[in-house]
Every structure is written in structure tokens, then in C-alpha cells.
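Before any comments, here is the structure.
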Amino acid sequence: VSIGIILLPGPSVLVIVSTSLCEGKTRGLQTVAGTSLAMIIQLMVAALGTSWLVHSLAEGFFWLKWIGVAYLVYLGIQHFLNMRTTTQNTVSAIGTFQRGFWVSLTNPKTILFFSAFLPQFADASGSYAVQIAILSFLFWGLALMIDSTYVILANKLSPLLKRKGVSAYQNGISGTLYLGAGAALAATKNS
């Protein structure tokens, strides 16, 4: 189930693929590092939080989601505007890390998912904290491997796009992916 959930492209995956297509494997992996750190924070919140905590934070999740949508739309527009320039804007390692971190962290669906999903697999006869920590670590490891695979695949696809003459449109492709990620995040319902 975890692999299926991770494979579904959400905002984080779209940012990872877009970064990898436009800026290469190294920047893509830096984005994965950012999304992974955000996921660790979300897993900790989900593991430590109980349903009452998640419920009490619901209003904050609403605003967090819309901040994430605004950030993704900003990134999309920025890439569309960059289509008009002939110079390639380079993003620093910290910039790609932060991009991944903030896009992942501002997706409240992840915390709500972890809070609802992981506890179902904890055995009442064992230590809840230890079990949730192990399940969280396994989920995080799977996500790290799958997200890194997205980077490698996008990196392999990038030269093909350049050979086909699509390289001039990579900012447009990235802009579309960012706007699509923003739309996907905006379409998530508050639970």
C-alpha cells in the first residue's frame, strides 16, 4: 500500500521531476533531500500527534495548504516567464533543497494520511512509539528510494527531450508541472 501511495504523483513528485528535467540529476536529488526532510517532520507530527491534535490543527492545515498552492503557482509562473529568456537561470543547491522542502511541508494531506494510515498497523500489545517509529522509517525509506528513481528517470528523459528539440520548452514543461501540482494540492479536500 505504501509503495502505491508513494508512486502516485503528487506535488512533491511533480517538483522533483520538473527540477530534474530542467536542472539535472544533482539538483533533482537535492530536491528529494528537501522533500525527505519535510517528510521526516510530517511523520514526527503524525507519530506524536493524536487525532485531537490533528483536529485542533485543521485550521492551520487549511492555510498551510493554500500557502503551498500559492508557492507552486509562483514557481509555475516564474518558469513560464523564463521561457522568454535565452539564458538559463541556475538555482543553487540550497534553492532546490528549499523548493522540495517547502512544497512537501505545505502539503497537509501527508500529515493527515500518516495520522490515519500508520496507526492501523500498530499492534496494541507492543510499544506504540517504537512501532510507529519503525513504520515511519520504512515509509520514509521507500519514499526516498522511489523519489530518487523519479530523478534518475527524469534525468534519462531530459537528453531525449533535448534531442527532439524540446529543450527550448523545458521551462514551459516545468511551469505546467508546477501549475499542475498547485492545482492538485488545491483540489485536495480538507479532512
Side-chain angles (χ1 to χ4, degrees), residues 1-49 61 64-65 67-79 82 88-115 117-118 132-159 161 170-171 173-182 184-185 188:
V1 172
S2 294
I3 291 172
I5 296 298
I6 296 165
L7 283 172
L8 289 174
S12 294
V13 169
L14 294 174
V15 168
I16 290 166
V17 169
S18 175
T19 301
S20 300
L21 283 174
C22 279
E23 298 166 33
K25 182 170 60 173
T26 301
R27 295 292 190 239
L29 290 172
Q30 290 161 347
T31 304
V32 169
T35 61
S36 295
L37 178 60
M39 185 181 295
I40 289 170
I41 293 168
Q42 292 169 322
L43 284 165
M44 287 173 39
V45 168
L48 297 174
F61 287 157
L64 189 63
K65 169 183 144 177
I67 291 168
V69 169
Y71 183 61
L72 288 165
V73 168
Y74 163 77
L75 290 173
I77 291 170
Q78 189 177 39
H79 275 267
N82 287 341
Q88 181 70 17
N89 290 338
T90 57
V91 179
S92 69
I94 297 216
T96 53
F97 177 86
Q98 287 178 345
R99 181 188 306 156
F101 178 81
W102 290 114
V103 166
S104 183
L105 191 67
T106 57
N107 187 355
K109 177 182 78 169
T110 308
I111 295 173
L112 297 173
F113 168 76
F114 291 147
S115 298
F117 179 70
L118 293 180
I132 291 299
I134 292 169
L135 290 171
S136 296
F137 180 76
L138 290 173
F139 190 94
W140 175 79
L142 285 170
L144 183 63
M145 288 187 309
I146 291 171
D147 288 349
S148 296
T149 302
Y150 276 120
V151 170
I152 293 165
L153 292 173
N155 190 59
K156 297 262 186 223
L157 182 62
S158 185
L161 293 174
Q170 278 184 322
N171 276 317
I173 293 168
S174 288
T176 302
L177 288 173
Y178 284 125
L179 291 177
L185 183 56
T188 60

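Just so it is clear, the structure is predicted and the values come from calculations on it, not from any experiment. Values reported hereafter were calculated over all heavy atoms of this structure, with side chains retained and with hydrogens, waters and symmetry mates removed.
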message: Please tell me whether Arg99 and Thr19 have a donor and an acceptor in their side chains that are separated by less than 3.5 angstrom.
response: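 Yes, Thr19 and Arg99 have a side-chain donor paired with an acceptor closer than 3.5 Å.
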Do [X] and [Y] come within less than 4.5 Å of each other through their side chains, counting heavy atoms only?
X	Y	value
Leu7	Ile146	yes
Ile41	Met44	no
Ser12	Met39	no
Leu37	Phe97	yes

Would you find a donor on one side and an acceptor on the other, under 3.5 Å apart, between the side chain of [X] and the backbone of [Y]?
X	Y	result
Gln98	Ala93	no
Ser148	Leu144	yes
Ser104	Gly100	no

Measuring from [X]:[atom1] to [Y]:[atom2], what's the distance to the nearest 0.5 Å?
X	Y	atom1	atom2	answer
Leu157	Tyr150	CG	OH	13.5 Å
Ser20	Leu153	OG	CG	9.5 Å
Gln42	Thr35	CD	OG1	9.5 Å
Leu29	Asn155	CG	CG	8.5 Å

field: Ala70: side-chain contact (heavy atoms from CB on, under 4.5 Å) partners, not counting sequence neighbours
entry: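 Checked Ala70 against side-chain contact (heavy atoms from CB on, under 4.5 Å); zero matches.
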message: Please determine whether side-chain contact (heavy atoms from CB on, under 4.5 Å) holds for the pair Phe139 and Ile6, giving the CA-CA distance in whole Å, both sets of side-chain angles, and the decisive distance to 0.1 Å.
response: CA-CA 9 Å; Phe139 190 94; Ile6 296 165; 3.7 Å; yes
message: Does Ile40 have more than 12 heavy atoms from other residues, nucleotides or ligands lying within 6.0 Å of its CD1?
response: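 Correct, the count exceeds 12.
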- prompt: According to the interplanar angle, ranging from 0 to 90°, do the rings of Trp140 and Phe137 count as parallel (below 30°), tilted (30 to 60°) or perpendicular (above 60°)?
  reply: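 It falls in the tilted class, 30° to 60°.
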field: Candidates Thr96, Asp147, Thr26, Val17 - the one meeting side-chain contact (heavy atoms from CB on, under 4.5 Å) with Thr31
entry: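 It is Thr96; the other options fail the test.
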